[in-house]
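In what follows, a structure is listed as structure tokens, so that the remarks can point back to it.
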Amino acid sequence: MYIECSHVSKRFTDSEKRGWGLFQGQAGLLDFTATLKGGVTAVLGPPSSGKSTLLQIIAAFSVPDDGRVTYQFADHCSYVWSRRIADMGDMSTVELLQQRIGYVPSNKLLHPDDMVLEDALLNLSYYHRLAQPKRRVVEMITRWGLAAYRKGMLVELPEYILSRYAIAASLLGDPEFWLLDDPTRGLDELGYNLFLHELQQRREKGITIFVTHDLELAELADHLLLMESGFCRRIGERRWMTSGVPDGSVASWYQLMQRFFLSSNS
Ligand SMILES: Nc1ncnc2c1ncn2[C@@H]1O[C@H](COP(=O)(O)OP(=O)(O)OP(=O)(O)O)[C@@H](O)[C@H]1O
């Protein structure tokens, strides 16, 4: 089981760049090559280093300009995602892939926000062709503490509920690959604790990749992936990578890496 990114690049067109302020004109990903293995990987890096772009591409919600992503699932089923596959227009294969991936985007919503929470989850469970869609929806609503909001419109939900909803929605199909972009942003204490519990459960199951700015949260990861200007600067086991700093913490290691890159770029 693995996800292999091979020479993946993504640039944004001039029209897409408009309105992105300070970071206009930068590529999202530049010749990104890395293999992600089973367990939990934390994706770290400074603002605009390409973390969200990477997750969008791996989730097959954005098309790479160049390179390819190869997915090998535990049942030996494999998929490839690339510009060529997208251009072939066979969306059924892409849908099959997307159905096997749980994804929490940074804006928390993959689907229209003018829906009632319970209906949105039901729609998703039909999309995932779940055997007992209603039962699964009730289970997720209960597990993620959403019962009081199940008849609420997504657009009107408080941020902490929307954040819990997004995580619950990503887990509906019990995905083998779970991708989360800054999942704890906006979560309340209950949501945060539920997320930590889920993360521990996932350690032995599939591939979990989460983007975070929270270096304490990254301590829970098995692997670290450090991004810099669209490149993969470091990837490896957390305990080995952080063993070189005196206190062995991700925060100290991250600071050291930033100093190292600043001095090598100056
Ligand atoms: N949809 C888009 N349109 C135009 N430019 C984009 C788009 N998405 C990303 N970019 C650009 O790609 C680069 C990488 O952005 P990305 O959001 O992937 O970085 P990030 O590491 O997730 O940043 P942050 O930590 O601030 O969320 C940035 O320069 C950004 O301006």
Side-chain angles (χ1 to χ4, degrees), residues 3 5-34 36 40-69 81-83 86 94 98 101-113 159 162-163 166-167 170 177-187 195 207-221 223-235 241 250-251 253-255 257-262 265:
I3 300 173
C5 300
S6 185
H7 304 288
V8 177
S9 293
K10 175 79 182 174
R11 285 187 179 279
F12 294 97
T13 62
D14 282 346
S15 60
E16 284 172 315
K17 277 181 211 149
R18 250 176 250 133
W20 279 68
L22 277 177
F23 307 115
Q24 273 191 23
Q26 291 184 15
L29 285 181
L30 277 175
D31 200 23
F32 180 95
T33 295
L36 297 135
V40 177
T41 299
V43 181
L44 307 173
S48 288
S49 53
K51 304 181 294 296
S52 296
T53 308
L54 175 67
L55 242 62
Q56 281 161 18
I57 289 178
I58 295 180
F61 275 85
S62 174
V63 184
D65 296 330
D66 197 12
R68 54 163 48 197
V69 185
W81 179 232
S82 65
R83 168 66 58 184
V94 180
Q98 285 177 342
I101 296 175
Y103 175 44
V104 176
S106 61
N107 69 358
K108 313 293 185 202
L109 282 171
L110 280 178
H111 304 284
D113 59 6
E159 190 187 7
L162 194 61
S163 303
I167 297 177
S170 71
F177 296 168
W178 194 31
L179 314 176
L180 306 106
D181 196 342
D182 212 356
T184 55
R185 185 167 45 86
L187 275 182
F195 170 68
I207 297 178
T208 297
I209 307 168
F210 69 91
V211 167
T212 189
H213 296 278
D214 179 346
L215 299 178
E216 269 186 42
L217 187 64
E219 294 285 356
L220 301 179
H223 314 281
L224 300 177
L225 192 172
L226 179 62
M227 306 275 306
E228 180 78 18
S229 308
F231 295 99
C232 171
R233 286 293 190 195
R234 291 281 188 283
I235 184 166
M241 292 172 74
V250 174
W253 172 80
Y254 185 80
Q255 278 165 15
M257 288 293 117
Q258 296 313 308
R259 281 206 298 275
F260 172 69
F261 295 140
L262 279 176
N265 286 337

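All ligand and atom numbering here is 1-based and tracks the order in the structure. Just so it is clear, the structure is predicted and the values come from calculations on it, not from any experiment. Computed from heavy atoms alone, side chains included, the values below leave out hydrogens, waters and symmetry copies.
The main-chain N or O of Val63 is found under 3.5 Å from a side-chain atom of Lys10 such that the two form a donor-acceptor pair.
Contact annotation for His213 and ligand 1: only side-chain heavy atoms (C-beta onward) come within less than 4.0 Å of the ligand. Counting heavy atoms under 4.0 Å from ligand 1, residue Ser106 does not touch it at all.
The aromatic rings of Phe195 and Phe210 sit perpendicular to each other, their planes meeting at more than 60°, with 30° as the lower class boundary.
Of the charged side-chain nitrogens involved, none lies within less than 4.0 Å of a carboxylate oxygen, so that Asp66 and Arg83 do not count as a salt-bridged pair.
Close approach to Ser49 involves these atoms of ligand 1, each under 4.0 Å from a residue heavy atom: 19 (O), 20 (P), 21 (O). When each atom of ligand 1 is checked for a heavy atom of Thr53 under 4.0 Å away, the hits are 9 (C), 14 (C), 15 (O), 16 (P), 18 (O).
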Checklist entry - Passes side-chain contact (heavy atoms from CB on, under 4.5 Å), Glu228 versus Gln258? Steps please. => result CA-CA 9 Å; Glu228 180 78 18; Gln258 296 313 308; 3.9 Å; yes

Next on the checklist: Determine whether Met227 and Leu29 satisfy the following criterion, side-chain contact (heavy atoms from CB on, under 4.5 Å), listing intermediate values before the conclusion.
Outcome noted: CA-CA 10 Å; Met227 306 275 306; Leu29 285 181; 3.6 Å; yes

Next on the checklist: Between Asp181 and Val104, does the side-chain contact (heavy atoms from CB on, under 4.5 Å) criterion hold? Intermediate values first, please.
Outcome noted: CA-CA 6 Å; Asp181 196 342; Val104 176; 5.9 Å; no

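Among Pro46, Ser62, Gly230, Ser52, the residue whose heavy atom sits closest to atom 27 (O) of ligand 1 is Ser52. Of the candidates Ser229, Ser48, Gly50, the one placing a heavy atom closest to atom 24 (P) of ligand 1 is Ser48.
Within the structure, ligand 1 lacks Gly45 among the residues with a heavy atom less than 4.0 angstrom away.
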